[in-house]
Amino acid sequence: MKRTKQNRFSNHRKKKVAKSTQNHEQNQTAESGTEESVQLPRKKVRWEGNSESVAAAAGMENGSSEDDASTSKVKGRVAGAYYDSVRCIVYVLEDTQEDVHFDLTNMLLEQCNADVVLTSSKADDPFISVLQKFAEASGGVFQIRPHKEFTPHRGRDRLLSLRFLSELTTEDTGQCLSSDSNSGAEPRNAYEFMQKRKQAAGDPTMKRWNAAIRLANYASVESSLCISCLGALLDYLARERAAGDLDNDAGVEGLNISGIEVLTIDQVMHINADALFSLQIFENESHASIHSDKTKEGLSLFGILDNTRTPLGRSLLRTWLMRPSLSIPVIAARHDAIECFLHPENLAPASTLQTHLKGVKNIPRILGLLQSGKASVGDWQGLVKFTYHSAMIRDALAELHGGDQVEVVRKLVASLDIASFKDTGNAVNETIDWEESTNKNRICVRPYIDEELDQRKHVYAGLDSVLCKVAEQICQKIPVDYTASLNVVYFPQLGFLICVPMQEKWRSEEGINVLDGWSFQVSPDVVPALDMNLISRNRAIQVKDMDTHIGDLHPSIVDREIEIVQELLERILVCSEGMRHTCDVCAELDCLLAFAEASRAYNYCRPQISEDPIIDIDQGRHPLQEQVVDIFVPNNAQLLAGIGFGDSAEPQTEVDNPPMYSSIVLCTGANACGKSVYLKQVALIQYMAQVSNRSDFVPAVSATLGIVDKIFTRIQTRESVSKAQSAFMIDLNQVSLALRNCTAKSLILLDEFGKGTIPAGSITVDSYLSIDGTGLFCGVIKHLLNRGSQCPKVLAATHFHDVFQKDMLDPHKFPITFLHMQVLFTSSKGNLNPGDVSMSGDSKSTDHERLEPTSVVAPGEKITYLYRVSPGLSRNSHAAQCATMFGLPSRIAQRAQYVSKLLGDHELGQLLEEEMTAEEQENIKAAGIATYKFLAMDLTNDSHEKDIKPRLVEALGRAPHG
């Protein structure tokens, strides 16, 4: 790989003008630059070798792709794919934010330990260097492949060609091949030929459609970098297979791949894009102006925690939120830091630290600009401010009570080389003239730094008077009728010139009249911006003397200043590594101070991190919801992983009160009563407790939390015309992804899974269990319980009240915690209905048996949401009352409530009778009586065979016919 560095110095050229007749000076500025190219040595890359495990990685730190719009704005992200030849499984790492130290990339390489590493030719040089060092250290093969192999379109084509995705078995389709399809009869026409071909090889269009639908069941691979890596990996495997078996030309379709799984890093939590979106970890809002494509952070977890003062701190905080930590010791150490900053004696020092952190700019970026020669005056000032604020930060750290026990404080104190930083700041401040640099928009050197430079500047400053005198002398020697005025000007890199106004007679065919000894140089057409008409070069002795003794003065001044600044830069670069390390630790300190500030502002508490797979939250709150409501009602939550059927029915871990815990919590209640907020609240508290390697406090009175390795959600459905899937199919993909990848340490949220579909045929228990969303919901819950000790922690909310039956999710037999959200009803007279809201979830219920159905709400009653979680089930969603509250006409809501009651009581006949006449209703009633009489007849006795006809006549109530 070749890398080119551009070293640009912007030289602002100043033109000196002296007019002899008007004694007026004009100053203008032009800009030019020089460019240098440096070629680094080509990286050593090995292209040969076969292996059993292959990894493809793609990363673009500051790069972009011109041939694919989807990757044109990728910045600071990394993705990868890994093939395990033993299990024949491909693991994928979704697009993830990466830091400048490539921590995630190193963790991925160490965990996979691949024999062959592939990457794109357009990947950044630092990223390529990390991969190359790993391959050389492990003795593997590192290949830089052409960028065309890492395109999303090509990767998707390769994925949809995989056999296990495109071909469905008869078990999956529920169909059997007919005997006719296997018969040896010859096709009689082209249509039969095509049908027979489809039966043998399958319809290619249907195969791709099946693959596109099933792909989301295995991994969320919609991101461009991830699909690109998968395509490059599959191409490599196909080439290796073809090289080993020349007779096999099946390509990607012939690869022995049995599945795709999400690759999770051992040290960080796995959370996909759907979960991040559902939990509102990040929320981008568009700019108010339609003419701007900028975005800002909306109401999100990142938004309320982002109290950082430095650009590096903000970037690091986003990285932490993308990758919560799984290390208990590291989390505990960061908790200690936040607790130290929250100590009352440390409020003033912490505030001082944040004030001085605001002055710490992005020093790694500034150092890079200094090395490339592109640094502005503001960048140099940012470097000086860093040296000052670093000393002030050191003093503030010394004032922290108990700060010597905090890891981040010890690291920062060790990295602060105050003496070197102070010398650097003084050197820069003493060398650069800030006022002149700001005015001239380039780096200028102070006086008395370099004697030769001072002399040149002194001559340049007095050049105006010299030019005026020379102009007067020349004006006296030229003919009076030649020109009325002239200027002697100085152009950097051109020298000293004489400028005379353009006359009308010179615009004719005769052209410009040039005096003897003068040579024409440039016309107004060449320099249209100059306020002059003609420029000539005088060969008189005066101009020659100025060229000889004064020379091209301005470039020499600029060049000398560049040399002095370069010498200063070399002194600075000696401390560059220390400055970068100090900025990294300052960013970490900035994030922890931001967490402490948020914990103080929102009354967060320190969670207790346990090695047991437990969630025990006392008075937990939703960190975002409580920001937008006047009063937020806190709730408790208790879960323990590993409690399922069989031997795993007993808790695998001892707890203080085992009956209170279960692996699955099922929440019911009225519409819009807060079930979704409760589910998200528990997940967010768990998430905040593990935020990266620097853990945050949580919104609760107290919390005991185990480590969660993955979070899956089925909460919000993100539909798109680009997806060949309905909303229900997207929901199924989310649940399928969770079931395939969850472990005993995972957390799954299921909010109204199964909605959006109805049973086919009659509404029976069998139909529900076979095809309805209700059956799917029950099947998922039972599947998770059947995992026994490997059952993850599950929070579910549903409106399927028919599932709580003996043959389905029997509350008396299943190890499930049933909760409901309390509601209260107020009569039309303003009286509260007394009832046991904590048992049934309905304040009208007077039956203290928690699982009995509640009574129907009377007309005129109003519903009040209490947003309080209590044990037990709610048998009614109260959709009619909810619809009335949100603007639906009351007559429609009352009609819906009436129809729902009839359906629940199996009184469908009353709905049919509404459209019947009185005569038709009487006939229906008579037919019903006749049916009951017929069913009551005893037809088993042979002696009554002769009496059957009269008895039937009697049952029908008709007279016998002759």
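Everything numeric in this text was worked out from a predicted model, so none of it was measured.
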Looking at R239 and E149, is any side-chain nitrogen of the basic one under 4.0 Å from a carboxylate oxygen of the acidic one? yes

Whether the side chain of D124 engages the backbone of F127 through a donor-acceptor N/O pair (distance < 3.5 Å, no angle test) should be reported. no

Kindly indicate whether the side chain of V558, heavy atoms from C-beta on, has any atom under 4.5 Å from the side chain of R560. no

Look only at the side chain of S228 and the backbone of F150, and say whether a donor-acceptor pair between them is shorter than 3.5 Å. yes

Considering only NZ, NE, NH1 and NH2 on the basic side and carboxylate oxygens on the acidic side, decide whether D379 and K361 come within less than 4.0 Å. no

What pair of heavy atoms forms the shortest contact from A594 to N307, and how long is it? O-ND2, 3.6 Å

Does any part of the side chain of R442, heavy atoms only, come nearer than 4.5 Å to the side chain of C444, both counted from C-beta? yes

Give the C-alpha distance, both sets of side-chain angles, the deciding distance and a yes or no for side-chain contact (heavy atoms from CB on, under 4.5 Å) between E588 and W320. CA-CA 10 Å; E588 182 178 341; W320 289 1; 3.9 Å; yes

Is the shortest distance from a Lys or Arg side-chain nitrogen in E577 or R580 to a carboxylate oxygen in the other one below 4.0 Å? yes

Provide the closest heavy-atom pair for A114 versus F134 in the form atom of the first, atom of the second, distance. O-CE2, 4.0 Å

Which donor-acceptor pairs under 3.5 Å do side chains of residues 382-389 form with protein atoms, sequence neighbours excluded?
unit_1, atom_1, unit_2, atom_2, d
T387, OG1, V384, O, 2.5
H389, ND1, H356, ND1, 3.3

Main-chain N/O of C575 paired to S420 side chain as donor or acceptor, under 3.5 Å: no

Side chain of T96, backbone of E94: donor and acceptor closer than 3.5 Å? yes

Does D590 reach the main-chain N or O of C586 with its side chain, forming a donor-acceptor pair under 3.5 Å? no

Looking at E561 and V445, would you say the former's side chain and the latter's main chain have a donor-acceptor pair under 3.5 Å? yes

Verify side-chain contact (heavy atoms from CB on, under 4.5 Å) between L118 and L131, making sure each step is shown before the conclusion. CA-CA 9 Å; L118 314 175; L131 302 182; over 6 Å; no

Say whether, by atom type as modelled, one donor and one acceptor occur between the side chain of N362 and the main chain of P311 under 3.5 angstrom. no

R318 bridged to E297 by N-O distance under 4.0 Å: yes

Minimal heavy-atom distance between A337 and V408, with the atoms involved, is CB-CG1, 4.3 Å

With side-chain contact (heavy atoms from CB on, under 4.5 Å) as the test, pick out the partner of R309 among L593, V360, L357. L357

State, to 0.1 Å, how close C229 and A79 come at their nearest heavy-atom pair, and which atoms those are. SG-O, 3.6 Å

Enclosure of R410 CZ (heavy-atom neighbours >12, cutoff 6.0 Å): yes

List the atom of L305, the atom of L317, and the distance in Å for their closest heavy-atom pair. O-CD2, 3.9 Å

If the condition is ring pair (Phe, Tyr, Trp, His ring centres under 6.0 Å), which residues does F277 pass it with, not counting sequence neighbours? none

Using a strict cut-off of less than 4.0 Å between a Lys/Arg side-chain nitrogen and an Asp/Glu carboxylate oxygen, indicate whether D235 and R154 qualify as a salt bridge. yes

Determine whether V428 and L568 make a side-chain contact, defined as any pair of heavy atoms from C-beta on separated by less than 4.5 Å. yes

Minimum-distance pair of heavy atoms, taken over all atoms of P152 and I227: O-CG2, 3.3 Å

State which residues pass side-chain hydrogen bond (donor to acceptor under 3.5 Å, both in side chains) with S415; sequence neighbours excluded, sorted by chain then number. none

When you compare the side chain of S327 with that of I331, does any pair of heavy atoms fall below 4.5 Å? no

Less than 4.5 Å apart, any side-chain heavy atom of L416 and any of V413? no

